[in-house]
Amino acid sequence: MQIIKSSFSKVLMMDNKELQKAVNPAYLTAKGTLRLLNLAKDPDAVALVPYIGLEPSPQANKVPASIWNCYKIAQQARYEIYNTATLRSSAPNIVDLPSGYSPRGFRVSSARKRYFGFDLPVVIDDMAPAAQKVMTPEQRSLSSYHAVDATNYQSMKVALGSAKGELCIVTEGLLGYFNEPELVSHCQAIHRLLSEYGGTWMTADLSILRIYALTFGTLLEGDELAFMNRSQERANELADVKMNQNSFFLNGEEGTIRFLEEQGFKVVAEPVTLYLPDVPGVNDELRNAYRQMNMLTMRVSSPKTWKETTPELPFKVESSVTEGKLVMKVQGRLDTLTATDLLKAFQESSPQADSIELDVEKMSYISQAGLRVLLMMRKSVQNPSGFKVFHICHEVEKIFKMTGFDTLLL
């Protein structure tokens with residue numbers, strides 16, 4: 001387990017957007033797609049860049065031009081593979097999860113399909129207005145961007161609104177960021193959506209990150225494994241997680257398919273090259289190398305009729321400070337959508353506190369974003385014994401134990 005390294009320093013000075021970034025640092029990896037597509041002169045990316053704050057890459061001057069060229073070719077190939085997969089789908093609704101800063105919505109809406117871009121709040125807050133400025137009126141009428149929690153069926157259901165017809169849910173570069181409880185919750189949410197709407201879930205996440213290493217190894221005859229390891233270390237550092245440490249990745253493709261079948265899906269594996277159009281720089285040798293990567297397409301093997309349950313309590317935080325002790329009561333799901341609210345409430349109350357007691361009796365779920373906030377709160381007290389969590393329900397306790405946070409927080 002990687003100990004999340006988020007620091008309490010400067011939390012008290014953060015505005016809402018900075019708080020969003022603190023609880024969801026994975027957003028830092030998202031702008032790479034737009035940067036490389038812009039470098040490849042994709043017209044939609046070029047049009048979008050002026051409206052997105054695209055800071056210079058700190059690594060730009062350290063990377064040889066030949067390596068940048070490999071990144072550019074691989075990113076364009078990856079982008080077009082997923083574009084082709086979505087456009088070949090018979091589903092009228094494309095759910096892009098996560099949508100990132102990708103201009104995929106431009107391509108999908110131009111094909112007269114409905115596009116739903118789902119991502120973290122900090123990404124959507126930038127991407128939604130930028131896309132509106134660049135898209136044509138017809139594209140805007142078919143596209144929408146929504147902040148969701150990818151482990152939460154209800155948040156995605158609400159975002160789909162009045163969508164009619166089947167879904168094609170595409171996850172690109174998402175699954176490796178999940179811990180095991182998040183992965184299972186994500187699968188359950190996708191299964192429920194497909195049970196209701198019909199359609200497919202598509203991903204090449206099991207191997208698509210290798211596309212950069214394969215491009216590097218084929219075009220420059222470089223060390224693919226070393227390149228892959230360096231790329232993953234960089235992603236780990238930016239996102240503040242240890243990637244690919246869940247059942248989707250740890251047991252090879254056979255293990256992945258077995259896991260998905262256990263979650264109620266029927267899986268078809270196909271080489272990604274079946275979805276790869278002509279892309280500048282992708283020669284026959286490179287296309288042949290890409291054949292070892294598969295796109296997985298899932299349908300529900302047996303649609304479930306989900307029982308109506310008692311609605312989940314809405315998220316709420318109550319805080320009080322007495323004689324230097326901060327008591328916070330948390331209700332509902334503590335996930336990517338709500339972790340900022342807890343951190344903000346803590347920011348407003350913590351200057352008066354020497355110790356913290358967190359009552360989570362009514363907290364039903366916690367994601368990595370929530371765990372990150374709890375760790376930041378714990379680090380704010382000088383004595384670790386001054387931070388206590390009480391009344392933990394079985395589901396949350398199980399997540400603590402599975403992620404190793406029971407040793408840090410309990």
Looking only at non-hydrogen atoms, find the nearest pair between [X] and [Y] and report the distance.
| X | Y | value |
| --- | --- | --- |
| Ala74 | Tyr290 | CA-OH, 4.1 Å |
| Asn294 | Val272 | C-CG1, 3.6 Å |
| Pro121 | Leu337 | CG-CD2, 3.8 Å |
| Leu206 | Phe248 | CD1-O, 3.2 Å |
| Arg78 | Ile211 | N-CD1, 3.9 Å |
| Val108 | Ile94 | CG1-CG1, 3.7 Å |

Handout entry: Pair Val317-Met328, side-chain contact (heavy atoms from CB on, under 4.5 Å): steps then yes or no
Key = CA-CA 7 Å; Val317 180; Met328 305 186 80; 3.6 Å; yes

Handout entry: Trace of the side-chain hydrogen bond (donor to acceptor under 3.5 Å, both in side chains) decision for Arg333 with Ser155
Key = CA-CA 11 Å; Arg333 289 176 58 94; Ser155 77; over 6 Å; no

With a 4.5 Å cut-off on side-chain heavy atoms, are [Y] and [X] touching?
| X | Y | result |
| --- | --- | --- |
| Lys398 | Pro181 | no |
| Tyr197 | Leu160 | yes |
| Ile208 | Met295 | no |
| Phe390 | Glu361 | no |
| Met243 | Leu209 | yes |
| Asp278 | Arg287 | yes |
| Val148 | Leu97 | yes |
| Val396 | Tyr365 | no |

Practice task
Could you point out which residue of Ile169, Leu296, Leu167 forms a side chain to side chain contact (heavy atoms under 4.5 Å, CB included) with Trp201?
Solution key: Ile169

Exercise for the section: Please test Thr84 against Leu276 for side-chain contact (heavy atoms from CB on, under 4.5 Å), starting from the C-alpha separation and ending with a verdict. Expected result: CA-CA 7 Å; Thr84 302; Leu276 178 62; over 6 Å; no

Handout entry: Check: Gln154/Glu312 side-chain N/O donor and acceptor closer than 3.5 Å
Key =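 Side-chain D/A pair, Gln154 to Glu312: absent.
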
Exercise for the section: Using a strict 4.0 Å threshold on nitrogen-to-oxygen distance, state whether Arg258 and Glu261 make a salt bridge. Expected result: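 Answer for the salt bridge query: no.
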
Handout entry: Salt bridge Asp96-Arg107, side-chain N to carboxylate O under 4.0 Å
Key = no

Problem - Set of side-chain hydrogen bond (donor to acceptor under 3.5 Å, both in side chains) partners for Lys266, sequence neighbours left out - result: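 For Lys266, no residue satisfies side-chain hydrogen bond (donor to acceptor under 3.5 Å, both in side chains) once neighbours in sequence are set aside.
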
Practice task
Just jot down the side-chain hydrogen bond (donor to acceptor under 3.5 Å, both in side chains) partners of Ser99, sequence neighbours excluded, or say none.
Solution key: none

If you round to the nearest 0.5 Å, how far is [atom2] of [Y] from [atom1] of [X]?
| X | Y | atom1 | atom2 | result |
| --- | --- | --- | --- | --- |
| Asp341 | Leu334 | CG | CG | 9.5 Å |
| Leu375 | Arg378 | CG | CZ | 7.0 Å |
| Arg88 | Leu274 | CZ | CG | 7.0 Å |
| Lys329 | Ser320 | NZ | OG | 7.5 Å |
| Tyr153 | Gln188 | OH | CD | 13.5 Å |
| Leu37 | Gln75 | CG | CD | 5.0 Å |

Do [X] side-chain atoms and [Y] backbone N/O form a donor-acceptor pair below 3.5 Å?
| X | Y | answer |
| --- | --- | --- |
| Glu395 | Ser364 | no |
| Asp205 | Leu174 | yes |
| Thr33 | Ser102 | no |
| Asn246 | Leu175 | yes |
| Gln368 | Tyr177 | yes |
| Ser301 | Gly264 | yes |
| Arg140 | Gln132 | yes |
| His186 | Ala150 | yes |
| Asp149 | Thr336 | yes |
| Lys41 | Val46 | no |

Exercise for the section: Starting from the C-alpha separation in whole Å, work towards a yes-or-no answer on side-chain hydrogen bond (donor to acceptor under 3.5 Å, both in side chains) for Tyr275 and Glu80. Expected result: CA-CA 8 Å; Tyr275 298 92; Glu80 295 300 346; over 6 Å; no

Exercise for the section: Anything under 30° is parallel, anything over 60° is perpendicular, the rest tilted; go ahead and classify Tyr212 against Tyr71. Expected result: tilted

Handout entry: Mutual orientation of the aromatic rings belonging to Phe118 and His146 [parallel < 30°, tilted 30-60°, perpendicular > 60°]
Key = perpendicular

Handout entry: Verdict with reasoning, Glu180 to Ser247, per side-chain hydrogen bond (donor to acceptor under 3.5 Å, both in side chains)
Key = CA-CA 7 Å; Glu180 190 71 17; Ser247 293; 2.6 Å; yes

Practice task
Report the C-alpha separation of Val327 and Thr322 in whole Å, then their side-chain angles, then the decisive distance to 0.1 Å, and conclude whether the side-chain contact (heavy atoms from CB on, under 4.5 Å) test is met.
Solution key: CA-CA 8 Å; Val327 178; Thr322 305; over 6 Å; no

Please determine whether the number of non-hydrogen atoms from other residues, nucleotides or ligands lying under 6.0 Å from atom [atom1] of [X] exceeds 12.
| X | atom1 | answer |
| --- | --- | --- |
| Lys157 | NZ | yes |
| Lys344 | NZ | no |
| Asn383 | CG | yes |

Practice task
Please test Thr407 against Phe400 for side-chain contact (heavy atoms from CB on, under 4.5 Å), starting from the C-alpha separation and ending with a verdict.
Solution key: CA-CA 8 Å; Thr407 61; Phe400 279 162; over 6 Å; no

Handout entry: Working for side-chain hydrogen bond (donor to acceptor under 3.5 Å, both in side chains), residues Thr151 and Ser185
Key = CA-CA 5 Å; Thr151 69; Ser185 295; 5.3 Å; no

Problem - Between Tyr145 and Tyr115, ring centroids under 6.0 Å - result: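 Between Tyr145 and Tyr115, the centre distance is under 6.0 Å.
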
